[in-house]
Amino acid sequence: MKNERYNAREAEPRWQRIWDEREIFKTKNDDPRPKYYVLEMFPYPSGRIHMGHVRNYTMGDVVARYMRARGHNVLHPMGWDAFGMPAENAAMANKVHPKAWTYENIAAMKAQLKSMGLSLDWSREVATCDPSYYHHQQKMFLDFWKAGLVERKTSKVNWDPVDQTVLANEQVIDGRGWRSGAPVEQRELTQWFFKITAYSEELLSALDTLNRWPEKVRVMQKNWIGKSEGLLVRFMLTPGAPGDIDEVEVFTTRHDTLFGASFIAIAPDHPLATAAAERDPRVAAFIEECRRHGTAQEVIEKAEKLGVDTGLRAIHPFDPKWELPVYVANFILMDYGTGAVFGCPAHDQRDLDFARKYGLPVVPVVVPEGADLKKFEIGTEAYDGDGLLANSRFLDGKTVEAAKEDVARRLEGETRGNRAVAQRRIQFRLRDWGISRQRYWGCPIPAIHCKTHGAVPVPVRDLPVELPEDVEFDRPGNPLDRHPTWKNVRCPICNEPARRETDTMDTFVDSSWYFLRFTAPQAKTPTDSKAEQYWMPVDQYIGGVEHAILHLLYSRFFTRAMKATGHAHVDEPFEGLFTQGMVVHETYEKKDGTFASPAEVRLEADGDKRRATLLAGGEEVAIGPIEKMSKSKRNTVDPDDILSTYGADTARWFMLSDSPPDRDVIWTEEGVQGSYRFVQRLYRLANDLADLAAPVGTPRPSSYGPAALAVRKSAHAALARVSDDVERLRFNRCVAHIYEMANALGAAVADARSAKKVAADLAAAFREAGEILIRLVEPMMPHLAEECWETLGHKTLVAEEAWPTVERELLVEETITLPVQVNGKKRADVTIARDAAQPEVEAAVLALEPVQRALEGRRPKRIIVVPQRIVNVVA
RNA sequence: GCCGACGUGGCGGAACGGUAGACGCAUGGGACUUAAAAUCCCUUGGGGCGGCAACGCCCCGUGCAGGUUCGACUCCUGCCGUCGGCACCA
């Protein structure tokens, strides 16, 4: 027997090399086995992987390796979400070209991922910043344009006046640019949009078909799309309105409360407000005030409801004599509905606040059923519950639903001009996707601006529009715009001098279709139809929940748009989605309020408490709350340190143990050491088995004794449970089952060693159980598994071995031990034949001494026998 | 404010409506060793009773209060708390 310890540092690269050489993870597109596509969200090449990546890619690898063993042709690719601002920031800070910076990072991170032993097909690697990738993205942009899914329009954006660029909402912190710190302005800019709203209804309703998605994510997307059904109602204005405007159209979902209306409110940037401002300086001043406040999110949330009376009056659609004042109000949004509402203070909190401030009438028109109308008063809280209509003329006594229907039908039937006074409308919260970025390091938008012909598509033969490499980052703003020649082109239609579009695409575009590109990464078109039809959809997608809306919604849209333009055949890209939890770590706060990193701290047990001291100097530091790993709290752990100290398998095993995969996992040094101990234990166990187990190829004995049978039973029980739990992605339970089996097998081995001689049936059971154990471990700790497999005498790779078949009959016991309850409290156990009939069980149970004692002479009223579960004696 | 998830030992967490606490971490004790490391064995929800002892037995216990059930961590109702998402969306 070998006594040396398992040396991960030596063994892991060795096995990685062997997998590489034999190309066992290279996937073919034509293969008779059923396909399985496993994908983890590809990383941004920041330079180093972090623990979140380790967790994410370990989970995906377990699934990939398991499905491969189950006989599937598995696609498990990896690539790089390689465009984006950090590369430009690095260029500005360190004078390196974004391209060089990005590719260096990719090389470094690829090496790190390789050291994790992931079963990836690296031959399919793509980087979104490579022209061979974004070429196809530009082609699809043109196809989408042709299909009417691209639009150029003016919209409000966050503009950083110092860095001279549009910022994404996520990059605006407390109303300031995250880099410059300058107050962000709202600017009207002409931008390129993808018409995701064309799919609002589909994207919403198809959520119901995604039954292998987390409920949480579906709900988040549903709320984001935000469908509401309501009514557009046109209110006539009394004569004297500015310009030639003679009506204002509002959107409402509460048309039942139309008789509770006491004002009309319009957004500060509503055309009617603009018109009113021209002749009323008070209105103009108010609009100006709103504009100044309008940027910072926080201000908007806390702002008081304010408005100004325009002096205009609107006429109630059911009563020509009823006039309602028209206010410009700061809480009305121009980009939802029509930018105008009718205010019903009694049943809307915002309207109530507003009405109280400006002394407008508050008339309740919906009263809870059974309530007394005379006593029903609105104080400071609007009533938004259900009830019956009141104070509402012909609607009185109707339910809310019936009143809505009545109002809609009446107003639809009435016309003014040649249009109905009202029409039903389904309104979505979802907006079109603005993809223009005034940035260098992104996919160029393939368009040319011609004085005569406007925005013209770049001809397909001129694709790709490549990024120029000779650019300067010495000033803020978009280097493409400053490039001396790049933007000077000729109009594809008239050949006159024209200007190339210098905006690039939002990087979310890049990540919206990479999973499709992986199916045929070398194809000359965006996708290869045959490969795409074979592989799509992704069977299991795994990533962080932070992408629940943006990336996952954009990808769903993009896939549909690709289908519409002939680049894909599926509607939904991801059949199964799993969102994993974060990796968190406790924090260490020094006396001066700064933080120490885990690597700088020594932890000791102090009775039942723990103490943390600095390695350098010995100062005691406070053990703080467990938080998401972050640079500011310095509670990060570098995967490289873990991989070189303990090896990839230990890191992988720890990532999978303890916490359920969808919850946060707490990274602890003790936990990692526990995993490392198990790695060594398994290695010792494999070596012991190599001595005790029957040699490879020994025929199975015709029968097994009790000891051998027990070994086989525990192995097959573990096999059944682990298989089930891998499929349901419950890796923490897999880990527990494997521990259990290793404990049982270890004990049996220890017994056998002390007995000196191993019977043939036990030796055979040891071989079988040992091989099952190693096979179960392989998806999680692949290097160790190969090492142990070799130790057991195999020349093959365990990664290429089929998943063993459970022998069900081993899981069924002849005699079983049932817990026995008396009145629901456990009092005894009874061991009885598995298929014993009810009277037999009853007799056995009543004969038990503890049962008799618990009955205290009472006669049992009932005996409930749940076969193979439990017995309950009711007295 | 709205939506959602979660509340179980010292900690992470197990438990088709059927023996609550699997498995791991940590704790305490012990074996091996000159010693340490490594390894192995035992111990650990709280309280109580009996026994020299091995051990046996009883009561309480899954955020709180109720309910359904032979039986509830699990299902239902109402609270309390923690976390996450959205947030003037008419």
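Naming: A, B, ... by sequence-line order, numbering from 1 per chain. As a basis for the values below, the full set of heavy atoms in this structure was taken, side chains included, without hydrogen atoms, waters or symmetry mates. Everything numeric in this text was worked out from a predicted model, so none of it was measured.
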>> Need one value for A/Lys825: base, sugar-phosphate or nothing, where a base atom within 4.0 Å counts as base even if backbone is also close, heavy atoms only.
In response: sugar-phosphate
> Could a donor-acceptor pair under 3.5 angstrom be found where the side chain of A/Lys305 meets the base of B/C88?
Replying inline: yes
> In the structure shown, which nucleotide is the Watson-Crick or G-U wobble counterpart of B/U39, with both distances under 3.5 Å?
Replying inline: B/A31
> Contact class for A/Arg827 (heavy atom, under 4.0 Å): base, sugar-phosphate, or nothing?
Replying inline: sugar-phosphate
> Looking at B/G12, B/C58, B/G13, which one has an atom nearest to any side-chain atom of A/Asn732?
Replying inline: B/G13
>> Categorize A/Ser228 for me: base, sugar-phosphate, or nothing, with a 4.0 angstrom heavy-atom threshold over every strand shown.
In response: sugar-phosphate
>> Within the 3.5 Å criterion, strictly below it, is a donor on A/Tyr336 or A/Ser228 matched to an acceptor on the partner's side chain?
In response: yes
> Which nucleotide, in any strand shown, forms a Watson-Crick or G-U wobble pair with B/C88, with both distances under 3.5 Å?
Replying inline: none
> What is the distance from CG of A/Asp725 to P of B/G13, rounded to the nearest Å?
Replying inline: 17 Å
> Do you know which of A/Val777, A/Asp658, A/Leu656 makes side-chain contact (heavy atoms from CB on, under 4.5 Å) with A/Val735?
Replying inline: A/Leu656
> Can you tell me if A/Thr668 uses its side chain to pair, donor with acceptor, with the backbone of A/Gly671 under 3.5 Å?
Replying inline: yes
> Which whole-number value in Å describes the distance from A/Asp658 CG to B/A22 P?
Replying inline: 14 Å
>> Can you measure A/Phe678 atom CZ to B/A38 atom P for me and round it to whole angstrom units?
In response: 18 Å
